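Shown next, in structure tokens, is the structure this report addresses.
Scope of the values below: all heavy atoms of this structure, side chains included, with no hydrogens, waters or symmetry mates. Note that this is a predicted model, so its numbers are computed, not measured. First listed ligand is number 1; within each ligand, the first listed atom is number 1.
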Amino acid sequence: APEPRADKPGLLQRLAGRAGKPVVRRALDDDMLEQLEELLIASDMGVDTALRVTANIAEGRFGKQLSTQEIKRLLADEIARVMEPVARPLPIYPKTPQVVLVVGVNGSGKTTTIGKLASQFRAAGKSVVIAAGDTFRAAAVEQLQIWGDRAGVPVLTAPEGSDPASLAFDAMTKAQAEGADLLLIDTAGRLQNRADLMEELAKIVRVIRKKDPEAPHNTLLVLDATTGQNALSQVETFQKLANVSGLVMTKLDGTAKGGVLVALADRFGLPIHAIGVGEKIDDLAPFDPEEFAAALTG
Ligand code: GDP
């Protein structure tokens with residue numbers, strides 16, 4: 001889980017620092033609220049969400065004398081409240097194979113997340129198949145094979161430059177024939193040509209539906225938390241390209257920009273199925289709103 005880093009003081013320390021003393025009672029007045037807003041915006045929460053969060057804290061308490069501890073508590077509670085509805089693990093479908101399409105820009109952590117997910121499902125006794133659907137990036141296919149080996153999961157590949165939809169169809173056929181529980185399909189993340197990418201994703205969906213009309217059961221968008229507010233526009237873009245059903249937020253280890261998760265929850269309400277907290281195979285954790293709020297408010 002994300003921990004506040006020693007070199008990056010949490011909100012509380014910064015608040016106390018501004019006030020001059022570690023523990024001090026202060027009025028929850030306009031000045032105080034403005035400071036809170038600034039601190040939240042600095043955590044990449046975005047202006048709209050920061051204003052809403054502080055307004056909720058002020059409601060019924062404006063002008064009251066509060067200690068920085070109490071203010072931190074209110075802030076953490078409010079953030080946890082916003083995050084509670086989106087903290088949901090990946091829903092498991094009764095029908096197998098459950099097909100999970102994984103989308104996101106290159107570098108967001110798609111490959112790593114697929115490896116981590118495969119490993120978690122394997123550890124839970126499930127059989128998993130991975131399709132290396134980013135057929136244009138030889139390096140991505142290689143990486144995925146390494147992750148598949150680590151997780152003990154077969155990775156289906158196709159020659160460089162070949163049709164990802166045809167690979168996805170073969171993977172569906174294999175997963176069904178073998179009675180696999182889960183099929184994870186990697187996809188390209190080239191946003192340079194959106195029309196192409198949209199057609200590519202649509203074609204993958206079309207062909208896998210020939211094998212199961214309800215597939216994909218989940219479309220996971222992988223987002224890099226360190227990109228801050230950029231993550232918001234990535235959600236908007238991918239919602240146009242694919243039917244995004246949930247998020248995985250990567251690189252939450254050691255970022256001070258975690259506030260963007262609050263903005264995402266506030267704006268889109270998409271479930272956060274898991275968070276990436278490191279580069280190793282076990283570094284994928286369920287999203288815990290209270291732990292997150294505590295880490296963010298430091
Ligand atoms: P892809 O291009 O979307 O497939 O991204 P990759 O899975 O190759 O990841 C890009 C880089 O981010 C790699 O160096 C990964 O090790 C790193 N990465 C992925 N997830 C995490 C995470 O949760 N924490 C950290 N610290 N690094 C991550």
ask   = Which heavy atom of the protein is the closest neighbour of atom 5 (O) of ligand 1, given with residue, atom name and distance?
value = Gly109 N, 3.0 Å

query = Looking at Gly46 and Gln229, what are the two nearest heavy atoms and their distance?
reply = N-NE2, 3.4 Å

query = Can we say Lys95 and Asp212 salt-bridge, meaning some charged N sits less than 4.0 Å from an Asp/Glu carboxylate O?
reply = yes

message = Check this for me: Lys211, atom NZ, are more than 12 non-hydrogen atoms of other residues, nucleotides or ligands nearer than 6.0 Å?
response = yes

query = Which of these, Thr187, Asp253, Asp283, Val277, has its nearest heavy atom closest to atom 26 (N) of ligand 1?
reply = Asp253

key: Any Ser108 heavy atom less than 4.0 Å from ligand 1   = yes

inquiry  = With a 4.0 Å cut-off on N to O distance, would you call Lys203 and Asp163 a salt bridge?
reply    = yes

Any Lys116 heavy atom less than 4.0 Å to ligand 1 = yes

query = So, is Thr250 polar-close to ligand 1, with some N/O to N/O distance under 3.5 Å?
reply = no

query = Salt bridge between Asp48 and Arg267, side-chain N to carboxylate O under 4.0 Å?
reply = no

ask   = Under 3.5 Å between some N or O of ligand 1 and some N or O of Thr112?
value = yes

key: Over 12 non-hydrogen atoms of neighbours within 6.0 angstrom of CG in Asn230   = yes

task = Give a yes or no on whether the backbone of Asp283 and the side-chain of Lys116 come within a donor-acceptor separation of less than 3.5 Å.
result = yes

note = atom 28 (C) of ligand 1 sits nearest the protein heavy atom Lys251 CG, 3.6 Å

task = Determine, considering heavy atoms only, which of Gly276, Ala274, Gly107 sits nearest to atom 1 (P) of ligand 1.
result = Gly107

ask   = At a 4.0 Å cut-off, with the gap strictly under it, does some heavy atom of Val105 reach an atom of ligand 1?
value = yes

key: Shortest protein contact, atom 4 (O) of ligand 1 (heavy atom only)   = Thr111 OG1, 2.5 Å

message = Check this for me - ligand 1, Asn106, N or O atoms closer than 3.5 angstrom, yes or no?
response = no

task = Among all protein heavy atoms, pick out the one at the shortest distance from atom 22 (C) of ligand 1; state its residue, atom name and that distance to 0.1 Å.
result = Gly278 O, 3.1 Å

ask   = With a 4.0 Å cut-off, would you call Glu199 and Arg206 a salt bridge?
value = yes

request  = Could you find the nearest protein heavy atom to atom 14 (O) of ligand 1 and give me its residue, atom name and distance?
outcome  = Glu279 OE1, 3.5 Å

query = Considering only heavy atoms, does Lys280 approach ligand 1 within less than 4.0 Å through its side chain, its backbone, both, or neither?
reply = neither

ring-ring contact (aromatic ring centres under 6.0 Å, His included) partners for Phe287, two or more places apart = Phe292

query = Is Leu241 reachable from Phe268 through a run of I, L, V, M, F, W or Y residues, each pair having side-chain heavy atoms under 4.5 Å apart?
reply = yes

message = As an exercise, identify every atom of ligand 1 less than 4.0 angstrom from a heavy atom of Lys110.
response = 1 (P), 3 (O), 4 (O), 5 (O), 7 (O)

